[in-house]
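Atom set for the values below is all heavy atoms of this structure, side chains included, hydrogens, waters and symmetry mates excluded. These figures come from a predicted structure and were not determined experimentally. Here is the naming used below: chain letters follow the sequence lines, and residue numbers restart at 1 for every chain.
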Amino acid sequence: MPTDRKQSVQSTSRQLTVVQALREAVREEMRRDEQVFVLGEDIRIGGSFLFTLGLLDEFGSERVLNTPISEAGFVGLAIGAAIQGMRPIIDFQYGDFIFTAFDQIMQQCAKLQYMSGGQVSIPLVFQLPTGASGRGAQHANSVETVFCGIPGLKIATPATPYDAKGLFKSAVRDNNPVMFCVHKHLYGSKGRQLAESSISRGHVPDEEYLIPLGRGDIKKRGQDITLVANGLMLHRSLNVAEALENEGVSVEVVDPRCLAPFDTDLVINSVVKTSRLLIVEEGSERGGWGAQLAADIAGQAIGFLDAPIRRVATPNVPIPFSPVLESAVIPDEARIRSVILELMDH
Amino acid sequence: MPTDRKQSVQSTSRQLTVVQALREAVREEMRRDEQVFVLGEDIRIGGSFLFTLGLLDEFGSERVLNTPISEAGFVGLAIGAAIQGMRPIIDFQYGDFIFTAFDQIMQQCAKLQYMSGGQVSIPLVFQLPTGASGRGAQHANSVETVFCGIPGLKIATPATPYDAKGLFKSAVRDNNPVMFCVHKHLYGSKGRQLAESSISRGHVPDEEYLIPLGRGDIKKRGQDITLVANGLMLHRSLNVAEALENEGVSVEVVDPRCLAPFDTDLVINSVVKTSRLLIVEEGSERGGWGAQLAADIAGQAIGFLDAPIRRVATPNVPIPFSPVLESAVIPDEARIRSVILELMDH
Amino acid sequence: MRALTIRLPQVPDFAPLDAYDHDLLREIYRRMVLIRQFELKVNELFLQGVMPGTIHLSLGQEASAVGACLALEAGDVITLTHRGHGQALAKGVSADSLMAELFGKVTGCCRGKGGSLHVGDMSVGALPAIAIVGASSPIAAGMAFAFKRGETGQVALNFFGEGTANKGDWHEALNLAAIWKLPVIFLCENNLYGVSTHVTEVMAIDYVAERASAYGMPGSTIYGNDPIAVHEAVKSAADQARAGGGPALIECLTYRRGGHKRDDPGAYRPQEEVQAWLRTDPIPAYRERLLADSRFSLSAIEAIDAAVASTIDASVEFALASAAPTTESAWEHVYAD
Amino acid sequence: MRALTIRLPQVPDFAPLDAYDHDLLREIYRRMVLIRQFELKVNELFLQGVMPGTIHLSLGQEASAVGACLALEAGDVITLTHRGHGQALAKGVSADSLMAELFGKVTGCCRGKGGSLHVGDMSVGALPAIAIVGASSPIAAGMAFAFKRGETGQVALNFFGEGTANKGDWHEALNLAAIWKLPVIFLCENNLYGVSTHVTEVMAIDYVAERASAYGMPGSTIYGNDPIAVHEAVKSAADQARAGGGPALIECLTYRRGGHKRDDPGAYRPQEEVQAWLRTDPIPAYRERLLADSRFSLSAIEAIDAAVASTIDASVEFALASAAPTTESAWEHVYAD
Ligand SMILES: Cc1ncc(C[n+]2csc(CCOP(=O)(O)OP(=O)(O)O)c2C)c(N)n1
Ligand SMILES: Cc1ncc(C[n+]2csc(CCOP(=O)(O)OP(=O)(O)O)c2C)c(N)n1
Ligand SMILES: [Mg+2]
Ligand SMILES: [Mg+2]
């Protein structure tokens with residue numbers, strides 16, 4: 001059964017990086033709807049991860065706006081514009097900087113629709129590079145985690161070019177704020193040293209398509225254990241799963257793709273089949289989305305489990321700079337593999 | 001076996017409200033160590049919940065500072081002062097306003113100690129009224145939840161005057177940032193209409209004592225089911241547990257008292273005995289501390305469970321203003337009771 | 001306290017009213033009285049313990065809310081503060097839906113989900129209020145951004161208090177509005193206090209409007225208890241903004257007649273200051289000026305008072321008679337479709 | 001782009017050096033060269049692919065870092081920016097520990113946990129750098145608060161870029177410092193760009209220092225490529241601050257010789273501007289002035305250059321020879337005891 005990643009090596013298919021797929025998505029949506037515009041720091045030259053590269057030429061500086069370094073200000077501004085019918089996309093240089101605008105997210109953007117009794121809605125996409133990439137603690141947050149508990153937000157964490165494009169287009173058309181979190185190592189932007197750059201390329205069809213927010217995807221079928229992972233961790237998990245297949249352990253790899261809404265049913269159905277669950281995420285273990293998923297399964301499907309629910313995540317530490325330390329704390333293939341084997345012993 | 005709440009009706013004991021107990025704690029610590037000072041909005045007249053009432057008279061305006069409405073500014077200022085050896089206590093009017101200073105918490109306060117390789121430490125207490133109290137969505141956040149996943153922070157959520165005082169004194173002496181979250185309905189400040197004001201009074205001994213951060217407390221012993229709850233929910237849970245005792249259901253009520261560090265062992269030991277676990281919290285279900293606890297138990301003690309791990313929490317909605325709606329979403333005794341009974345049927 | 005004297009009211013000579021349109025003058029009066037009566041009634045209902053939640057009254061500040069809102073077009077929008085009843089009524093939110101909202105009823109302007117801190121009605125251009133100090137300023141700039149981009153000719157007006165000018169969001173908003181020349185008016189209701197804290201304690205300058213130059217924006221400080229002065233200032237700023245001239249900062253000096261919120265007696269205020277300001281109550285002052293204008297008779301004015309009184313009574317009846325929201329509605333509007 | 005001309009360098013006539021202490025003049029030179037050589041070496045190591053992480057070079061901005069830091073006392077503290085190597089060396093962080101930090105070694109000033117974006121050494125008064133733009137300003141004010149409260153006579157200096165002046169944290173910090181008269185100097189390195197974005201695009205005023213008046217604080221704009229001018233300005237602000245006169249804002253006009261960070265060629269900058277500024281390189285300009293002073297011979301200066309070169313070489317050797325942190329150390333320092 002071919003996974004998305006496998007499709008990527010079919011010679012006939014069109015191969016894009018994640019950031020190329022995202023640029024296609026944003027361009028298509030900007031052509032389709034002139035209320036869509038992009039703002040952020042230095043986006044006229046492409047932004048930090050080249051998400052906006054070339055947009056200025058096609059759409060002009062009225063729709064591709066360089067902002068001052070004023071995150072709370074321009075998030076608030078985007079909220080106001082969205083309330084008045086526009087559909088802003090905010091490109092963050094690093095998702096990490098959004099914490100300086102956190103009140104605008106948590107208290108305004110996520111709640112105004114509700115507080116107003118439905119009088120306003122806020123279609124607004126946040127393009128947020130997430131995760132660790134060798135720059136120390138302040139540039140290494142798994143930002144998606146922080147937003148998981150906030151009602152009113154949607155959260156996407158695509159791992160492949162195909163998913164990135166389809167989800168991004170849905171995000172732009174959604175009438176709610178969407179936190180679109182892409183791992184910094186997955187964009188495949190030129191000039192960026194990617195730890196695992198090969199995994200950033202993949203098949204993207206020519207024809208238009210959308211992927212609904214909230215629908216997960218089984219990236220590899222298997223019988224023995226359910227492994228749920230997203231973002232960069234999905235790739236590491238798939239590598240392990242593929243290797244284990246040859247060793248007789250059949251891992252089903254589920255990519256939730258979105259953290260809110262979360263496709264819990266997809267996981268439950270898989271767990272019913274495999275009776276074992278491992279959750280892999282990059283964010284720190286305490287308070288991660290994996291905790292919520294584990295709790296949901298322990299609440300709704302505990303009877304199907306033959307083993308403890310295990311999690312592999314970063315321990316509760318800020319991310320250290322030194323490359324040896326960064327790799328020591330962030331889940332790697334060896335850790336994922338060994339926990340799978342432990343669970344198979346149950 | 002008497003609980004803290006039961007002690008409160010012993011006629012010989014000294015009875016204080018939570019806010020009185022807190023004021024005693026802060027006063028004692030300010031006398032003990034002149035590096036301790038308090039800052040916040042309008043604290044010279046007592047602050048929002050009268051936490052600082054009378055402090056100005058004893059300690060003067062050099063140690064009791066009214067700030068401008070500049071949360072990020074004065075949190076940062078307190079961090080700087082702490083780095084230089086002072087021990088600031090920040091009184092927030094409502095914990096909800098801390099989100100405008102979130103970067104200072106998440107990226108600075110929680111990480112500078114680590115990033116600097118231990119060169120600095122930040123002894124800093126945040127006094128944060130938390131939870132819903134009839135003021136609509138922007139004043140009703142369970143702020144403790146948001147901080148749970150941030151390594152480097154400690155979090156206390158006392159529910160009784162005794163715990164509040166003992167934990168607060170430990171918080172002031174701790175060399176780390178401590179988020180001290182007290183439910184708005186529990187202070188017992190004069191002039192505040194308290195939904196359940198009786199529960200705010202309790203025994204506080206004359207002698208000095210400390211309660212270590214991270215040690216939970218069994219508030220009621222029981223055999224049949226473990227119920228973990230904090231803050232206002234602890235009181236609702238105890239009411240239910242006491243009523244059920246007469247109906248032959250013996251509920252063990254565990255108060256974690258702190259969310260970080262979390263006394264997971266105390267819960268595990270209880271679950272080993274009871275084989276059933278219910279977690280009750282006011283924050284919204286998705287991403288709550290209860291999810292983390294459920295995940296930990298599902299990972300470490302799943303074999304002892306005879307029933308699913310259940311949670312009672314606010315559903316994933318912002319808190320509505322209308323009193324009928326607020327009470328519909330926030331866990332009440334009826335909901336707690338019915339889930340206990342469901343679990344007992346397993 | 002630094003410079004108490006400059007914080008005492010400096011009541012200017014009032015401009016004669018002859019130059020003004022009769023209906024406008026009348027409506028200014030009516031709305032000021034509407035706000036006053038509405039809030040007195042709300043206060044009473046609170047003291048009786050029948051009204052839930054908390055309230056922040058704007059008694060004494062009616063002139064700036066009304067002067068500002070009546071200088072706007074119907075299609076223009078305002079953002080409101082935690083002290084928003086007056087701003088809402090000034091912009092045309094109905095007393096019925098406002099009162100019902102305070103009672104948490106389904107007929108409230110926000111279906112009972114907002115409450116006193118979040119009142120507003122988009123159909124009259126009043127964005128449901130944002131209670132986090134400073135957070136509304138960039139949002140107002142954003143609405144203005146949409147107006148400018150859509151070339152709609154609309155203007156946004158951001159109400160805020162002087163205490164709010166020390167928030168980072170406010171700073172960022174003013175800068176964004178200035179560099180992009182957005183049609184937004186930042187309207188400061190400087191009532192000298194943020195809760196209990198006097199403005200001189202939290203700013204080392206005399207007036208909030210002095211900050212405008214930091215953004216390259218025009219700023220002015222006016223006597224905020226004269227609705228006509230406020231009206232003039234806002235009208236001319238709105239004209240400028242519509243013409244592409246960008247934002248402006250207008251500071252209205254005014255005063256809360258009561259405390260910060262219902263349980264606050266405001267005892268932290270020096271008596272000299274309180275007494276001096278209480279004498280400047282905008283409503284009697286304006287009423288006198290109307291009476292001095294031959295176009296307004298005492299009986300016409302009393303008729304307005306009476307009509308307002310019955311509007312208020314009706315709004316209470318309406319609110320009390322309205323249903324509470326259904327429990328199921330708590331689950332609605334978390335996400336838009 | 002508005003007003004390019006006012007953004008071209010306005011090189012003033014330099015004051016003669018005779019009035020200055022020989023050792024100070026020498027040390028200014030040595031530290032500027034130290035920074036330059038350090039960063040050129042770091043750049044080279046990056047291009048070779050042997051250095052991990054990312055770097056933001058301050059080539060061209062040496063004069064303001066050195067002029068400012070040498071105007072402080074040893075006990076004074078600075079906060080550093082993302083572009084902090086120069087600030088660190090200027091304040092006295094050793095090249096060895098700095099280089100080792102960039103390599104993520106346990107001998108680094110932050111034990112390898114910080115990296116290029118977070119360098120600093122408390123023992124010389126350099127708070128490990130804060131890479132979130134604006135966040136360090138209130139923290140600097142807080143350190144100054146402790147100095148004032150403890151009557152220690154120390155001063156804090158907050159380095160920030162002109163782009164940072166649009167952040168809310170910065171605004172709140174300046175206001176707090178002003179109302180509490182804290183001994184803190186806000187030192188703006190205005191290199192005209194925040195990443196690719198020219199200051200004229202994000203501010204509708206000419207100079208950051210114009211914002212000082214919004215807080216009731218003295219502000220000045222100086223030519224930042226003259227270390228002597230910077231030294232004078234900071235010295236007098238520090239004297240004021242120590243005497244209880246409160247904070248000051250000093251804006252140093254300077255320029256990045258390269259792009260924002262290693263992978264940025266800086267191609268968004270107009271050639272006219274780049275060329276004009278490149279001609280103002282502070283190091284040769286200052287070197288010439290030294291040579292014009294009879295107290296400095298060419299050979300003495302060349303000896304400094306040579307000594308610096310070996311310091312840098314030694315630092316690379318030191319860093320490369322140092323051990324990586326142990327894996328266990330990743331778990332240390334999350335909480336203080
Ligand atoms: C960020 C934030 N901090 C604190 C508060 C609590 N608070 C509500 S109103 C208020 C005072 C606001 O003062 P000002 O801006 O002058 O408005 P006024 O109340 O005088 O109308 C404060 C501190 C808040 N709502 N938001
Ligand atoms: C809050 C925040 N937003 C964005 C960034 C990304 N960033 C790093 S440096 C920089 C430019 C800063 O410009 P300036 O203050 O002028 O300093 P310079 O780089 O010119 O020294 C930006 C936008 C950040 N670190 N923090
Ligand atoms: Mg005020
Ligand atoms: Mg710059």
Side-chain angles (χ1 to χ4, degrees), chain A residues 34-35 37 39 61-63 65-88 100-124 150-154 174-178 213-214 260-261, chain C residues 77 79 101 106 108-115 117-123 126-132 134-147 149-150 152 154 156 158 167-177 179-180 182 184 325 329-330 332-337:
Chain A
E34 61 168 39
Q35 293 299 341
F37 71 103
L39 71 169
S61 58
E62 294 270 294
R63 292 179 71 192
L65 280 99
N66 263 17
T67 62
I69 311 174
S70 301
E71 282 82 359
F74 62 71
V75 169
L77 183 137
I79 293 171
I83 287 172
Q84 291 298 337
M86 301 190 76
R87 306 187 82 85
T100 65
F102 195 68
D103 178 81
Q104 289 288 345
I105 311 291
M106 166 104 187
Q107 295 268 62
Q108 315 308 330
C109 187
K111 289 180 181 164
L112 289 183
Q113 144 94 2
Y114 190 83
M115 280 160 41
S116 69
Q119 292 186 69
V120 302
S121 62
I122 300 170
L124 172 51
I150 307 179
L153 302 179
K154 296 189 175 179
D174 201 280
N175 286 327
N176 296 285
V178 181
L213 299 175
Chain C
V77 299
T79 63
E101 188 61 32
V106 70
C109 45
C110 302
R111 303 183 194 221
K113 281 183 168 161
L117 285 168
H118 304 302
V119 296
D121 181 344
M122 288 299 280
S123 73
L127 181 74
I130 287 168
I132 302 303
S136 65
S137 298
I139 294 175
M143 296 197 292
F145 178 89
F147 299 155
R149 200 46 50 91
T152 67
Q154 287 160 281
N158 173 235
K167 278 298 281 182
D169 285 27
W170 180 88
H171 169 71
E172 299 186 9
L174 267 81
N175 189 55
L176 280 163
I179 61 171
W180 291 345
L182 303 178
V184 54
S329 74
E332 292 164 9
H333 305 304
V334 182
Y335 291 97
D337 295 328

Is it the side chain or the backbone of [X] that comes within 4.5 Å of chain A heavy atoms, both, or neither?
X        : answer
C:Asn175 : side chain
C:Glu101 : neither
C:Leu182 : side chain
C:Leu117 : neither
C:Val77  : side chain
C:Ala126 : neither

Under 4.5 Å from a heavy atom of chain C, the part of [X] involved:
X        : value
A:Lys154 : both
A:Thr67  : both
A:Gln113 : both
A:Glu71  : backbone
A:Gln119 : both

Between [Y] and [X], is there a side-chain heavy-atom distance shorter than 4.5 Å?
X        : Y        : result
A:Met115 : C:Pro128 : no
A:Leu112 : C:Ile130 : yes
A:Leu77  : C:Ile139 : no

Enter the distance from [X]:[atom1] to [Y]:[atom2] here, rounded to the nearest 0.5 Å.
X        : Y        : atom1 : atom2 : value
C:Met143 : A:Ile79  : CE    : CD1   : 11.0 Å
A:Ser70  : C:Asp169 : OG    : CG    : 10.0 Å
C:Arg111 : A:Ser116 : CZ    : OG    : 8.5 Å
A:Ser121 : C:Asp337 : OG    : CG    : 9.5 Å

Please identify, among [options], the residue contributing the most non-hydrogen atom pairs under 4.5 Å to chain C.
options                      : value
A:Ala110, A:Ala82, A:Gly80   : A:Gly80
A:Val75, A:Ile69, A:Leu65    : A:Leu65
A:Leu153, A:Val120, A:Ile122 : A:Leu153

Considering all heavy atoms, the nearest [X]-[Y] contact:
X        : Y        : answer
C:Trp180 : A:Pro68  : CZ2-CD, 4.5 Å
C:Leu176 : A:Gly73  : CD1-C, 3.3 Å
C:Pro138 : A:Gln104 : CG-NE2, 3.5 Å

(message) Determine whether a donor-acceptor pair (N or O, by modelled atom type, separation under 3.5 Å) exists between the side chain of A:Gln84 and the backbone of C:Ala146.
(response) no

(message) Looking at A:Asn175, is its backbone amide N or carbonyl O close enough to the side chain of C:Tyr335 to form a donor-acceptor pair, meaning the two atoms are under 3.5 Å apart?
(response) no

(message) Please tell me whether C:Phe145 and A:Phe37 form a close aromatic pair, meaning their ring centres lie under 6.0 Å apart.
(response) yes

(request) Quick one: which of C:Ser123, C:Cys109, C:Pro325 has the most heavy-atom pairs under 4.5 Å with chain A, could you say? (result) C:Cys109

(request) Mind ranking C:Ala135, C:Ala129, C:Ala141, C:Gly115 by heavy-atom pairs under 4.5 Å with chain A and telling me who comes out on top? (result) C:Ala135

(request) Using salt bridge (Lys or Arg N to Asp or Glu O under 4.0 Å) as the criterion, list what pairs up with C:Arg149, not counting sequence neighbours. (result) A:Glu62

